[in-house]
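Notes follow once the structure below has been shown.
Remember, it's 1-based here, ligands and their atoms both numbered in the order they're listed.
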Amino acid sequence: MSLTTITVKMSQFWSKLVHELVPYTPGEQPQIDGLIKLNTNENPYGPSPKVLAAIAAANSDTLRKYPDPNASHLKQALAADSGLDINQVFVGNSSDEVLAHVFKGLLKQDAPLLFPDLTYSFYPVYCKLFEIDSVQVPLDENFEIDIDAYDQECGGIIFANPNAPTGIALPLSKIRLLARRHPNRVLVIDEAYVDFARESAVSLISEFDNILVTQTFSKSRSLAGLRVGMAYGQAHLIEALERVKNSFHPYALDSLALAGATASLQDNNYFTQCIERINQTRAKTISSLEAIGFNVLPSQANFILARHQTQAASELFTFLRSNKIIVRHFAHPRINNFLRISIGSDDEMQKLVDVLSERCRSTS
Ligand SMILES: *Cc1c(COP(=O)(O)O)cnc(C)c1O
């Protein structure tokens with residue numbers, strides 16, 4: 001939204017807090033025919049047919065009833081899938097909503113919240129909304145999290161892992177160290193992209209009473225439109241989230257979302273096939289882009305952050321757009337010469353590489 005729109009709409013009736021909010025800007029969702037959409041890390045493959053069948057079955061007379069406020073079936077399926085107890089699982093209407101409860105229930109403390117200078121850009125927005133002090137800790141020169149830089153007083157720590165928009169994953173050995181160095185604070189690992197990566201911090205939960213892991217059905221499970229997210233942690237952390245949720249939106253997940261998400265967990269075959277395909281396409285795309293002069297950060301996610309050696313990212317962004325391909329370009333000074341490109345289907349990525357090769361050959 002442009003600044004002028006905001007100015008025009010400003011109102012004397014707003015609360016002081018609303019006046020000061022800087023809302024999150026989601027990637028655009030343009031309705032253009034034939035567009036190749038590589039800007040919001042959606043899955044190029046649709047959800048499992050079993051998910052669609054389960055949603056269709058739930059689309060019935062039973063919609064007159066409220067859904068199960070405890071989402072027991074879904075939580076049970078998630079507990080079985082992750083090897084945890086049901087009281088170590090929380091679900092919400094998207095992981096963005098789960099994160100909101102996390103900020104309110106666990107990260108709002110008497111010292112600043114720490115997160116990287118480059119990470120999911122929703123965190124600073126929630127800090128404003130929930131009036132939480134924060135300190136942004138710079139990633140190192142390789143765009144990696146330097147855990148020593150977190151040796152300071154804090155009310156909690158949060159980052160995405162693999163991180164966004166870099167795609168780089170912090171190894172579990174370092175997450176362990178970080179959790180040990182801050183025994184009285186919660187360490188939140190946002191694993192929105194973990195299914196494309198090698199390891200998950202869920203395996204640390206039995207060992208640490210201060211690690212909370214959030215995940216989502218939006219990316220790896222092809223269900224961004226269904227809005228289902230979850231958190232895993234020891235029962236005392238989950239209970240904090242339940243208390244916030246039941247003070248805000250007890251029926252957070254609707255009946256269709258509950259049915260679809262539960263069915264998705266019962267078709268892990270389909271799920272792992274999609275992931276493998278996307279990871280193969282990622283590897284192929286990275287080598288094709290490197291061959292035409294791009295540097296690509298080592299990604300364990302379903303997107304890559306890439307910089308061309310001679311071409312400006314802002315110009316490539318516009319050029320791609322004029323060829324009906326949209327990617328993401330961030331204004332942040334450290335990465336304003338990079339493009340973040342979601343991994344689409346093989347065909348889509350081939351088209352991207354073809355279009356870029358032409359440009360990079362003709363002008364370099
Ligand atoms: C996409 C994303 C989310 C939000 O996921 P939803 O469940 O769709 O709200 C959270 N964290 C990160 C890092 C993401 O990229």
Side-chain angles (χ1 to χ4, degrees), residues 23-29 37-44 47 51 71 74 78 89-104 107 113 115-127 129 136 139 143 145 157-170 175 187-197 200-202 212-232 241 245 249 252-254 256-258 260-261 264-265 275 278 282 297 299-305 327-328 330 332 335 340-344:
Y24 176 73
T25 320
E28 44 180 343
Q29 299 285 355
K37 195 172 170 302
L38 305 175
N39 68 329
T40 53
N41 303 338
E42 287 146 338
N43 200 306
V51 168
L74 176 57
L78 286 167
V89 178
F90 179 80
V91 293
N93 183 358
S94 80
S95 76
D96 282 341
E97 187 188 84
V98 172
L99 286 167
H101 299 338
V102 170
F103 273 68
K104 215 170 170 50
L107 299 179
L113 174 66
F115 50 84
D117 61 338
L118 287 167
T119 189
Y120 189 35
S121 50
F122 221 125
Y123 307 152
V125 176
Y126 278 152
C127 285
L129 178 62
Q136 303 196 7
L139 295 178
F143 295 101
I145 289 171
I157 298 173
I158 184 169
F159 52 83
N161 200 42
N163 199 11
T166 64
I168 296 174
L170 186 71
I175 291 178
L187 169 57
V188 179
I189 315 290
D190 176 349
E191 292 193 336
Y193 300 101
V194 78
D195 295 321
F196 304 100
S200 164
V202 168
L212 187 90
V213 178
T214 63
Q215 294 183 4
T216 175
F217 281 73
S218 294
K219 286 35 183 263
S220 57
R221 289 191 180 267
S222 310
L223 289 170
L226 207 62
R227 315 305 299 129
V228 183
M230 58 279 210
Y232 301 112
L241 304 181
K245 174 229 165 204
H249 191 189
L253 288 179
D254 64 66
L256 304 183
L258 289 172
S264 168
L265 295 164
I275 304 266
I278 291 166
R282 178 180 70 203
L297 299 189
S299 170
Q300 288 193 45
N302 68 335
F303 59 83
I304 50 177
L305 194 66
V327 299
R328 196 103 194 243
F330 296 94
H332 193 289
I335 51 165
R340 194 199 66 189
I341 305 169
S342 307
I343 304 298

Exercise. Quick one: nearest non-hydrogen protein atom to atom 5 (O) of ligand 1, plus distance?
Worked result: S95 OG, 3.0 Å
Problem set entry | Donor on one side chain, acceptor on other, T216 and K219, under 3.5 Å | no
Problem set entry | Region of E97 that comes within reach of ligand 1 [heavy atoms, distance under 4.0 Å] | neither
Exercise. Looking at P165 and L305, what are the two nearest heavy atoms and their distance?
Worked result: O-CB, 3.4 Å
Problem set entry | D190 vs Y123 side-chain heavy atoms within contact, under 4.5 Å | yes
Exercise. Roughly how far, to the nearest 0.5 Å, is the CG atom of N43 from the CD1 atom of I275?
Worked result: 7.5 Å
Seminar exercise, completed: At under 4.0 Å between heavy atoms, what of D190 touches ligand 1? The answer is side chain
Exercise. Quick one: nearest non-hydrogen protein atom to atom 14 (C) of ligand 1, plus distance?
Worked result: K219 NZ, 3.0 Å
Exercise. Would you say Y123 and ligand 1 have an N/O pair spaced under 3.5 Å apart?
Worked result: no
Exercise. Should the pair Y24 and F122 be assigned to parallel (<30°), tilted (30 to 60°) or perpendicular (>60°) ring geometry?
Worked result: parallel
Problem set entry | Nearest non-hydrogen protein atom, atom 15 (O) of ligand 1 | Y193 OH, 2.5 Å
Exercise. Would you say L99 and Y120 make side-chain contact, with heavy atoms under 4.5 Å?
Worked result: yes
Exercise. Quick check: does Y120 get an N/O under 3.5 Å from an N/O on ligand 1?
Worked result: no
Problem set entry | Atom indices of ligand 1, in the order listed, that fall short of 4.0 Å to a heavy atom of A192 | 2 (C), 11 (N), 12 (C), 13 (C), 14 (C)
For this session: Using a strict cut-off of 4.0 Å, indicate which atoms of ligand 1 neighbour a heavy atom of S94.
Result: 7 (O), 9 (O)
Problem set entry | Heavy-atom donor-acceptor pair, N161 side chain to L170 backbone, under 3.5 Å | yes
Exercise. For ligand 1, which atoms sit closer than 4.0 Å to a heavy atom of R227?
Worked result: 6 (P), 8 (O), 9 (O)
For this session: Could you grab the distance from atom CG of L253 to atom CG of L258, nearest 0.5 Å is fine?
Result: 5.0 Å
Exercise. Strictly under 4.0 Å, does any heavy atom of F217 approach an atom of ligand 1?
Worked result: no
Exercise. Which atoms of ligand 1 are found less than 4.0 Å from any heavy atom of S218?
Worked result: 6 (P), 7 (O), 8 (O)
